[in-house]
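Each chain gets a letter, A, B and so on, in the order its sequence line appears, and its residues count up from 1. Keep in mind the model is a prediction, meaning the values are calculated, not measured.
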Amino acid sequence: MTITLGIFYFLAAFTVLAAAIVVLGRNIVRAAVALIFTFCGMAALYVLLDAEFLAAVQVLIYVGGITILLLFAIMLTSRISSATAQVINDQVPMSAIAAAGLLAGLIYAGTHGIAAFSGPPQLPETAPFLGRALLTTYALPFEVVSVLLLAGMVGAIILARKE
Amino acid sequence: MIPLGHYLILGAILFSLGVFGALTRRNAIAILMSIELMLNAVSLNFIAFAAYLDPSRIIGAIFAVFVITVAAAEVGLALAIVIRLFRNRATANVDEAASLKW
């Protein structure tokens, strides 16, 4: 019981620290590497929530795909000489107020709302149930999202190619 | 056992960090990373709700799968736009590409 809670606190602190480096770090390559650690911490939290399939998908797509793509784009667009340039704009105070207000509202809703009367975790979710649901009840959203991916792929190729 | 509120507070912290980064960063790729952080916080909330509130445990996981798919499509398109912007303007900072702003 308490061991699980300790693991949760460790993972939460790890993820929040890595996310803070992503958001506040000056070096963008370092921020991208911290993003990898954030995603890994998230995957571990998914395992803690008994969603092992989603944890594997998280590592495959976010860590293996999206972050590598981001690193490629960083190397294609940023110059080494611009490492000393200003990385944040001049709306920091307003943004801090907005983010802090949002945080306060979300924490209030999370602790006083639906969480107050939630029961213990239910039975584990497994990949076969997920696959069956995707091909029966949720077949239409599944097909629509595949069209979305195709459109995104075609659009990315057309946008990025040379004329 | 971990209370559901812990997951919600963690998701709120990560989402707020993402909002702060998306509002303050100048580099378009850094803004994109902050948006990925926000999407991930939302997925965490969906999965936590599925684990604690939904007896079938399927709907939250389905939502998380779709969030991941949309994030993948979004990042591909956005990086194509950033590379295009860099080719045309020689910058990846969003406040230097403000010719549509009056």
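- Residue A/Ile157 is not grouped with residue A/Leu149 when hydrophobic side chains (ILVMFWY) are merged at heavy-atom distances under 4.5 angstrom, including chains of intermediate members.
- Nearest heavy-atom pair across B/Ala61 and A/Leu130 is CB-CD1, 3.6 Å.
- Cluster membership for A/Val16 and A/Phe37, using ILVMFWY side-chain heavy atoms within less than 4.5 angstrom, is not shared.
- For a residue to count as touching a neighbouring chain, one of its non-hydrogen atoms must lie under 4.5 Å from one of that chain's; by this rule A/Thr15 touches chain B with backbone and side chain alike.
- We find the OG1-CD distance between B/Thr24 and A/Gln91 to be 8.0 Å, quoted to the nearest 0.5 Å.
- Comparing A/Leu106, A/Ile66, A/Thr38, A/Leu35 by heavy-atom pairs within less than 4.5 Å of chain B, the highest count is held by A/Ile66.
- Hydrophobic clustering of Ile, Leu, Val, Met, Phe, Trp and Tyr side chains at less than 4.5 Å, counting indirect connections, unites B/Tyr7 with A/Ile3.
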Evaluate the side-chain contact (heavy atoms from CB on, under 4.5 Å) criterion for residues A/Phe142 and B/Val65: first the C-alpha distance (whole Å), next the side-chain angles of each, then the deciding distance (0.1 Å), finally the verdict. CA-CA 10 Å; A/Phe142 183 71; B/Val65 166; over 6 Å; no
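- In the hydrophobic cluster analysis, where Ile, Leu, Val, Met, Phe, Trp and Tyr join through side-chain heavy atoms closer than 4.5 angstrom, A/Ile21 is grouped apart from A/Ile36.
- When heavy atoms are compared at a cutoff of 4.5 Å, A/Ala32 approaches chain B by way of both its backbone and its side chain.
- Interface check for chain A: of the options B/Leu77, B/Val82, B/Ile59, the most heavy-atom pairs under 4.5 Å are formed by B/Leu77.
- With contacts defined as side-chain heavy-atom distances shorter than 4.5 Å, the pair A/Leu76/B/Phe86 does not qualify.
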Would you please test B/Leu14 and A/Met42 for side-chain contact (heavy atoms from CB on, under 4.5 Å) and show each step? CA-CA 11 Å; B/Leu14 290 170; A/Met42 286 280 199; 3.2 Å; yes
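- Looking at B/Leu10, only its side chain comes within 4.5 Å of chain A, counting heavy atoms on both sides.
- In this view, A/Tyr9 and B/His6 satisfy the ring-ring contact (aromatic ring centres under 6.0 Å, His included) rule, not counting sequence neighbours.
- With hydrogens and angles ignored, the 3.5 Å screen pairs a side-chain donor or acceptor of B/Arg84 with a backbone N or O of A/Leu159.
- Taking the six-membered ring for Trp, A/Tyr138 and B/Phe66 have ring centres at least 6.0 Å apart.
- Annotation: maximal heavy-atom pairing with chain B below 4.5 Å, among A/Thr67, A/Leu45, A/Leu148, occurs at A/Leu45.
- Between A/Arg161 and B/Arg87 the shortest heavy-atom distance is O-NH1, 3.4 Å.
- The two atoms that bring B/Ala12 and A/Ile107 nearest to each other are CB-CG1, 4.1 Å, heavy atoms only.
- For the pair A/Ala31 and B/Arg25, the tightest heavy-atom approach, listed with the atom from each and the gap, is CB-NH2, 4.4 Å.
- B/Ser16 has its side chain out of reach of A/Val23: every pair of non-hydrogen atoms, C-beta onward, lies at least 4.5 Å apart.
- Nearest heavy atoms, B/Phe20 versus A/Ala99: CB-CB, 3.9 Å.
- For B/Ala71, the parts lying under 4.5 angstrom from a heavy atom of chain A are both the backbone and the side chain.
- Residue A/Leu24 touches chain B through both its backbone and its side chain, counting heavy-atom pairs closer than 4.5 Å.
- For the pairing with A/Ile61, the side-chain contact (heavy atoms from CB on, under 4.5 Å) check across B/Val75, B/Ile68, B/Thr69 returns one residue only, B/Ile68.
- Scanning both residues, B/Gly76 and A/Ala156, for their nearest heavy atoms gives O-CB, 3.9 Å.
- Taking B/Val19, B/Asn93, B/Asp95, B/Leu79 one by one and counting their heavy-atom pairs under 4.5 Å with chain A, the maximum is reached by B/Leu79.
- Interface check for chain B: of the options A/Gly101, A/Pro141, A/Ala133, the most heavy-atom pairs under 4.5 Å are formed by A/Pro141.
- Across B/Val94, B/Ile62, B/Leu85, B/Ile81, the residue that shares the most heavy-atom pairs under 4.5 angstrom with chain A is B/Ile62.
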Quiz: residues 32-49 of chain B side-chain donor-acceptor pairs under 3.5 angstrom, not counting sequence neighbours:
{"residue": "B/Ser34", "atom": "OG", "partner": "B/Ala30", "partner atom": "O", "Å": "3.1"}
{"residue": "B/Asn40", "atom": "OD1", "partner": "A/Tyr46", "partner atom": "OH", "Å": "3.4"}
{"residue": "B/Asn40", "atom": "OD1", "partner": "A/Gln58", "partner atom": "NE2", "Å": "3.1"}
{"residue": "B/Ser43", "atom": "OG", "partner": "B/Leu39", "partner atom": "O", "Å": "3.2"}

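- Proximity to chain B (any heavy atom under 4.5 Å) is shown, for A/Ile28, by both the backbone and the side chain.
- Proximity of A/Leu70 to B/Ile29: side-chain heavy atoms (C-beta onward) are separated by under 4.5 Å at one or more points.
- In the hydrophobic cluster analysis, where Ile, Leu, Val, Met, Phe, Trp and Tyr join through side-chain heavy atoms closer than 4.5 angstrom, B/Phe63 is grouped together with A/Leu135.
- When heavy atoms are compared at a cutoff of 4.5 Å, A/Phe72 does not approach chain B at all.
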Step by step, would you call A/Leu49 with B/Tyr52 a side-chain contact (heavy atoms from CB on, under 4.5 Å)? CA-CA 9 Å; A/Leu49 281 167; B/Tyr52 284 80; 3.8 Å; yes
